[in-house]
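One structure below.
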Amino acid sequence: MNDIKAMITGIQGYVPEYRLTNKELEKLVETNDEWITSRTGIKERRILKGENQGTSVLGAAAVKGLLEKTGTDPMDIELIICATVTPDMPFPATANVIADKVGAKKSYSFDVAAACSGFLYALQLGAQFIQTGTHKKVVVVGADKMSSIVDYQDRTTCILFGDGAGAVLLEPTTDEFGIRDAILKSDGSGEPYLHMKAGGSRRPATHETVEAREHFAYQEGSTVFKFAVTNMADVSAEVMERNGLSGDDVAWLVPHQANKRIIDATANRMGVGPEKVMMNIERYGNTTAATIPLCLWDYESQLKKGDNLILAAFGGGFTWGAIYVKWAYDPK
Ligand SMILES: CC(C)(COP(=O)(O)OP(=O)(O)OC[C@H]1O[C@@H](n2cnc3c(N)ncnc32)[C@H](O)[C@@H]1OP(=O)(O)O)[C@@H](O)C(=O)NCCC(=O)NCCS
């Protein structure tokens with residue numbers, strides 16, 4: 001039997017300089033810091049400014065930093081998978097652009113679209129390429145420039161999202177570390193509650209779609225909230241049960257950062273105390289495919305070899321899932 005597993009051997013994040021604070025949002029829409037903080041946990045988000053600066057700028061910065069940090073020659077990368085819902089353009093894939101920017105000339109590359117669960121989907125996909133024994137170095141990057149599809153006249157969505165990217169290097173191992181289990185799910189009937197109305201093949205861009213502000217993320221927040229609370233908690237509990245893990249066995253919950261109240265409910269259901277929950281939503285908001293790798297990056301110095309991590313997410317689609325990872329290295 002093939003007992004190769006994929007382990008994460010490096011993590012790197014990137015967030016742009018500009019900080020969009022709750023105070024600044026108060027000038028754009030009718031809202032206030034108290035409302036945003038108590039309903040979401042968010043204080044500020046990072047925004048990528050400048051002409052012609054797409055998601056690949058964020059993704060390439062994270063991947064470049066990852067390769068430098070891990071001492072990896074870009075020419076040794078065999079595959080780059082980019083999870084994003086804000087590609088530079090419909091085609092080519094943003095992963096292709098990132099590969100070019102970082103000099104991964106021997107790599108092939110493609111994008112994965114699974115909204116806020118995108119990083120989990122891409123991680124599991126990347127892991128499978130390693131597990132088959134055909135690939136030795138795979139990069140998985142979650143990157144989104146949400147500010148490009150956020151309507152700064154809509155107070156129910158513009159407070160939530162920010163820009164960022166995070167990347168991991170996957171390499172093979174035959175010991176107990178790495179990506180040990182994954183449960184990924186989707187339900188396309190969730191489309192009406194979280195989507196972008198126009199800009200795709202069903203409703204290409206016209207003057208009318210632009211005037212109707214249909215090129216922005218549309219969300220029915222309370223429906224998404226109810227869905228997220230139930231399903232993110234369910235799938236996290238399921239992956240723990242399947243692997244015989246109790247709350248005490250879990251060193252860290254690494255949750256998608258959409259809303260602090262959703263994260264708290266998930267941790268509660270898993271029996272994991274708040275001290276074991278990675279959280280950076282107050283500084284970055286919801287960066288869609290980048291939230292989970294940005295958390296791993298922020299907390300890297302606290303992670304120890306052998307730690308059991310549960311990565312959990314939900315998002316547009318609907319999509320959701322949980323991945324069990326046994327962390328493979330001590331702080332360097
Ligand atoms: C968006 C979200 C924060 C809204 O919080 P909520 O507690 O559900 O609030 P509601 O939508 O019920 O709105 C409550 C009131 O606050 C108002 N409100 C909405 N946004 C506001 C804002 N930014 N500032 C002040 N008031 C606001 C609403 O208009 C509503 O007013 P009303 O009662 O007079 O109609 C919450 O629904 C949420 O987090 N949903 C999930 C979002 C998510 O995770 N999306 C990403 C998926 S990956």
Side-chain angles (χ1 to χ4, degrees), residues 20-45 83-86 112-122 142-147 149-164 166 184-196 216-236 254-267 279-282 284-295 311-322:
L20 176 60
T21 62
N22 290 351
K23 280 276 163 230
E24 192 177 341
L25 282 170
E26 285 178 10
K27 294 179 203 150
L28 298 176
V29 289
E30 198 176 327
T31 190
N32 58 75
D33 176 44
E34 200 283 323
W35 193 97
I36 302 172
T37 307
S38 62
R39 298 291 181 116
T40 71
I42 303 167
K43 284 288 194 190
E44 62 181 38
R45 333 87 195 108
T84 187
V85 287
T86 51
V112 165
C116 294
S117 309
F119 183 77
L120 293 193
Y121 274 52
D144 269 300
K145 184 188 172 189
M146 292 306 290
S147 61
I149 59 163
V150 162
D151 184 352
Y152 288 97
Q153 293 181 15
D154 175 6
R155 69 175 181 173
T156 66
T157 52
C158 74
I159 57 159
L160 299 172
F161 296 100
D163 303 340
L184 301 174
K185 303 200 179 203
S186 66
D187 177 358
S189 70
E191 181 209 305
Y193 311 107
L194 183 51
H195 65 285
M196 203 161 103
F216 295 117
Y218 170 84
Q219 173 173 263
E220 290 179 23
S222 55
T223 308
V224 176
F225 187 93
K226 282 179 212 137
F227 170 86
V229 163
T230 310
N231 288 291
M232 195 160 109
D234 278 357
V235 78
S236 303
V254 193
H256 172 51
Q257 309 279 303
N259 186 311
K260 185 173 180 303
R261 291 183 290 152
I262 298 170
I263 296 171
D264 291 345
T266 303
M279 192 104 73
N280 57 19
I281 190 171
E282 67 284 358
Y284 305 143
N286 182 350
T287 53
T288 302
T291 58
I292 288 177
L294 279 176
C295 271
L311 283 45
F314 70 93
F318 292 129
T319 55
W320 68 105

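Just follow the structure's listing: the first ligand is 1, and inside any ligand the first atom is 1.
Using a 4.5 Å heavy-atom threshold, the side chains of Phe314 and His256 count as touching. Asn22 is not listed as a side-chain neighbour of Trp35, based on a closest heavy-atom distance of 4.5 Å or more. A heavy-atom distance below 4.5 Å is found between the side chains of Asn286 and Cys116. Side-chain atoms of Arg39 and Ile36, non-hydrogen and from C-beta on, never get closer than 4.5 Å to each other. The shortest side-chain heavy-atom distance between Phe225 and Arg261 falls under the 4.5 Å cut-off. A heavy-atom distance below 4.5 Å is not found between the side chains of Asn231 and Lys185.
Between Phe318 and Phe227, the ring planes are parallel. Angles under 30° get that label, and only those over 60° would be called perpendicular.
In this structure, of Met232, Glu34, Arg39, the residue bringing a heavy atom nearest to atom 6 (P) of ligand 1 is Arg39. One option in Thr288, Thr156, Asp154 has a heavy atom closer to atom 1 (C) of ligand 1 than any other, and that option is Thr156. Looking at Glu26, Gln257, Gln219, Arg155 and measuring to atom 45 (N) of ligand 1, the nearest heavy atom belongs to Gln219.
Distance check on atom 33 (O) of ligand 1: every protein heavy atom falls at or beyond the 4.0 Å cut-off. Atom 30 (C) of ligand 1 is not flagged as protein-proximal [any protein heavy atom, distance under 4.0 Å]. Within a 4.0 Å radius of atom 9 (O) of ligand 1, the protein has at least one heavy atom. Taking a distance limit of 4.0 Å, we find that atom 24 (N) of ligand 1 is approached by some protein heavy atom. Shown here, atom 16 (O) of ligand 1 is in close reach of the protein: a heavy atom of it lies under 4.0 Å off.
Using a 4.0 Å cut-off between heavy atoms, Asn286 contacts ligand 1 through its side chain alone, with no backbone atom that close. When non-hydrogen atoms are compared, ligand 1 lies under 4.0 Å from the side chain of Trp35 (C-beta onward) but not from its backbone. Residue contacts with ligand 1 for Thr157 are absent, since no atom lies close enough (heavy atoms, distance under 4.0 Å). Counting heavy atoms under 4.0 Å from ligand 1, residue Thr31 touches it through both backbone and side chain.
In the vicinity of Leu194, heavy-atom distances shorter than 4.0 Å reach the ligand 1 atoms 47 (C). Those atoms of ligand 1 that come under 4.0 Å of a heavy atom in Phe314, given as number and element, are 44 (O), 47 (C), 48 (S). Less than 4.0 angstrom separates some heavy atom of Ile159 from each of these atoms of ligand 1: 23 (N). Close contacts between ligand 1 and Asn259 involve ligand atoms 3 (C), 38 (C), 39 (O) [criterion: under 4.0 Å to a heavy atom]. Atom numbering of ligand 1 starts at 1 in the shown order; those under 4.0 Å from a heavy atom of Cys116 are 48 (S). Taking every non-hydrogen atom of Gly315 and a distance limit under 4.0 Å, the qualifying atoms of ligand 1 come out as 48 (S). Taking every heavy atom of Ser222 and a limit of under 4.0 angstrom, the matching atoms of ligand 1 come to 37 (O). Per-residue contacts place Gly221 under 4.0 angstrom from the following atoms of ligand 1 (heavy atoms of the residue considered): 37 (O), 40 (N), 41 (C).
Looking only at atom types and distance, the side chain of Asp144 has no donor-acceptor partner in the side chain of Thr287 under 3.5 Å away. Residues Lys43 and Thr37 have side chains that bring a donor and an acceptor to within less than 3.5 angstrom of each other.
Protein heavy atom in closest approach to atom 44 (O) of ligand 1: Ala258 CB, 3.2 Å. In terms of protein heavy-atom proximity, atom 5 (O) of ligand 1 is closest to Arg261 NH2, 3.7 Å. At the shortest separation from atom 3 (C) of ligand 1 among protein heavy atoms lies Thr40 CG2, 3.6 Å.
Among all heavy-atom pairs drawn from Leu194 and Gly315, the shortest one is CD2-C, 4.3 Å. Nearest approach of Met232 to Thr266, heavy atoms of both residues: CE-OG1, 3.6 Å. The minimum heavy-atom distance linking Ala290 with Gly166 is given by the pair CB-N, 4.2 Å.
With hydrogens and angles ignored, the 3.5 Å screen pairs no side-chain donor or acceptor of Arg155 with any backbone N or O of Val29. In this structure, Glu44 contributes its side chain and Ile42 its backbone to no donor-acceptor pair below 3.5 Å.
Look at Lys23 and Glu26 and you find a salt bridge, because one of the NZ, NE, NH1 or NH2 atoms lies within 4.0 Å of a carboxylate O, short of that distance.
Taking a 4.0 Å cut-off on heavy atoms, Ala228 fails to register as neighbouring ligand 1.
Checking only distances, Asn32 never comes within under 3.5 Å of ligand 1, N or O to N or O. Residue Gly316 has no nitrogen or oxygen atom sitting less than 3.5 Å from a nitrogen or oxygen atom of ligand 1, judged on distance alone.
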